[in-house]
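The block underneath contains the structure these notes are about, expressed in structure tokens.
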Amino acid sequence: MVSAPAPVGAPGGRGWLLRLVIAFGFAQGAVSMARPAVSYRALAVGADERAIGVITAVYALLPLFVAVPLGRRTDHGRCAPLLVAGLVLISVGCALSGTAGSLPELAAWSGVMGLGHLCFVIGAQSIVARRSAPDEQDRNFGHFTIGASLGQLAGPVAAGLLVSGQGGEMARTSALALLVSAAAAAVSFTSLWRIEARTAPDTPAGRRAAKVPVRRILRTRGVPAGIFISLAVLSATDVLTAYLPVIGEERGIAPTVIGLLLSLRAAATIACRLVMSPMLRWLGRTVLLTSTCLLGGLLCAGIALPVPVWGLALMLAALGFCLGVGQPLSMTTVVRAAPDEARSTALALRLTGNRLGQVAAPASAGLVAGVAGMAAPFVMLGALLVAAAGLGLRTSGGTPAVAPPGTSPGTGSGSDTATGPGSDTATGPGSDAATGPGSDAATGTDTATGTGIGVEPGSHPAPARDTP
């Protein structure tokens, strides 16, 4: 089996990509189903707003410490083992969350679930990067994120359909939803065959490559702003996913309706990604990034208002569309600003920022909600997005809109397209799916090495990486 990326017309074609999309769809769907179910189970066990915030934050706590090491690992090692480890951790975290009888147990298994999601996303994005020729990356990453988007769309609906009742009944149905999500993650194993060719764990060129210090990357103009914008957008998505069930409980909105509302938000993000390229041509990077963050901040704060369900649905649809812009554009901001030899590490730092936001934002939201009520966290998120809009205005203005002739796709505006679709997952879409998703998934991409990004014409570093 050759280890270089297979051309589209070669034997084997792009079947690996279809299998990866299917696996990602089930994995992301499992996480998107489990996270609202965890909130409902915590409420049934007796959690208040502060406890919900802490449990949501723990989901991102373990990944916070391992994102950069895993990102560096993908530069010189195989990626498929990360997929297997990620699915095992997701399945275990979901299943044991369903059997947890205390809030500390729920928090611990939520952290295991988050670590699994991080492993899977980094491994999957790295495989897409390695097996895609430079002129195929836009299409392949776009197709890859279909799995994350569908998972983010279906997961909350499934959770809403399964969770019902109050008190003991909610404890039982939320446990059922978590066990079903564990089974959904396990289904992904059926699609992992022949996704990655076996390669050597590292290469002489990789061992000789000098590592740019993290401090230098963080001091590069544009990188901190890109990380903050990504953090703000993902934090808004994450807190919305965790706290909308609490809003529903306060206002008497059924879990089924809450699941549909969360899926409506995800569908709007998918729609945004589909029209990202035309919007960039019409509005330009600066206007698009600034306006969507600003409008998203206003809409996020508006969720705190006592609007009817149909009004909440309209606000969530518009908010989902706005949140679909920030992740991909923040990723290209980091890629363009970072040193050429450290782009993969810079994207790993971006994911670390995302996870830091997933830890700090829900915990802060829980504290604020406990003091000032459930309206306060959404106002806080609105202010965060408005601040991101200001940074977008400062950062994007100097970014060239079109790549100079002769440059590789990853160094000019082509990066918008390559990274735009792939940004969702965590969290999700995305993701998280970054996480989220997404969004989060981008850190696994070997943007600095072996994918054609930042490669001079005539040079061929990618085959050297993947040859045994």
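A quick note: this is a predicted structure, and the numbers were derived from the prediction, not measured. Along the sequence shown, the residues carry numbers beginning at 1.
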Can you sort out the partners of F120 under ring pair (Phe, Tyr, Trp, His ring centres under 6.0 Å), two or more places apart, ordered by chain and number?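 Partners of F120 by the ring pair (Phe, Tyr, Trp, His ring centres under 6.0 Å) criterion, ordered by chain and then number, come out as F24.
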Counterpart residues, side chain to side chain contact (heavy atoms under 4.5 Å, CB included), relative to [X] (two or more places apart):
X	answer
V58	V54, A107
A95	L179, A182
V275	M279, F321
S188	A23, F26, A27, L87

Side chains of R265 and T269: donor-acceptor distance under 3.5 Å anywhere?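 Indeed, the side chains of R265 and T269 share at least one donor-acceptor pair under 3.5 Å.
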Measure the acute angle between the ring planes of H117 and Y59, then classify it against the limits of 30° and 60° as parallel, tilted or perpendicular.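 Ring orientation of H117 relative to Y59: tilted.
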Rounded distance [0.5 Å steps], [atom1] in [X] versus [atom2] in [Y]:
X	Y	atom1	atom2	answer
R35	I55	CZ	CD1	11.0 Å
T290	L295	OG1	CG	12.5 Å
L385	C322	CG	SG	9.0 Å
L150	Q28	CG	CD	10.5 Å
S110	L103	OG	CG	12.0 Å
L240	L381	CG	CG	8.5 Å

Could you check [options] and say which one makes a side chain to side chain contact (heavy atoms under 4.5 Å, CB included) with [X]?
X	options	value
T256	V157, L162, V163, L161	L161
C94	I90, L96, V92	I90
M315	L298, L305, I303	I303

Closest heavy-atom pair and its distance - [X], [Y]:
X	Y	value
I229	C293	CG2-SG, 4.4 Å
V386	G297	CG2-CA, 4.4 Å
A267	L153	CB-CD1, 3.6 Å
A124	L20	O-CD2, 3.7 Å
M33	A177	SD-O, 3.5 Å
L82	C119	CB-O, 3.6 Å

Determine, step by step, whether V325 and C272 satisfy the side-chain contact (heavy atoms from CB on, under 4.5 Å) criterion, reporting the C-alpha distance in whole Å, the side-chain angles of both residues, the deciding distance to 0.1 Å, and the verdict. CA-CA 7 Å; V325 172; C272 171; 3.4 Å; yes
W109 vs V38, side-chain contact (heavy atoms from CB on, under 4.5 Å): CA-CA, chis, key distance, verdict: CA-CA 10 Å; W109 295 123; V38 166; over 6 Å; no
Backbone N or O of A171 within a donor-acceptor pair of the S174 side chain at under 3.5 Å?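 The answer is yes, because a donor-acceptor pair under 3.5 Å joins these two groups.
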Can you check whether P36 reaches L262 side chain to side chain, under 4.5 Å on heavy atoms?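 Heavy-atom side-chain distance check passes, below 4.5 Å.
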Assess whether side-chain contact (heavy atoms from CB on, under 4.5 Å) is satisfied between I258 and I247, documenting all intermediate values. CA-CA 9 Å; I258 292 295; I247 287 284; 5.8 Å; no
E250: side-chain hydrogen bond (donor to acceptor under 3.5 Å, both in side chains) partners, not counting sequence neighbours: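 side-chain hydrogen bond (donor to acceptor under 3.5 Å, both in side chains) check on E250 returns nothing, list empty.
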Passes side-chain contact (heavy atoms from CB on, under 4.5 Å), V66 versus L118? Steps please. CA-CA 9 Å; V66 300; L118 175 79; 3.6 Å; yes
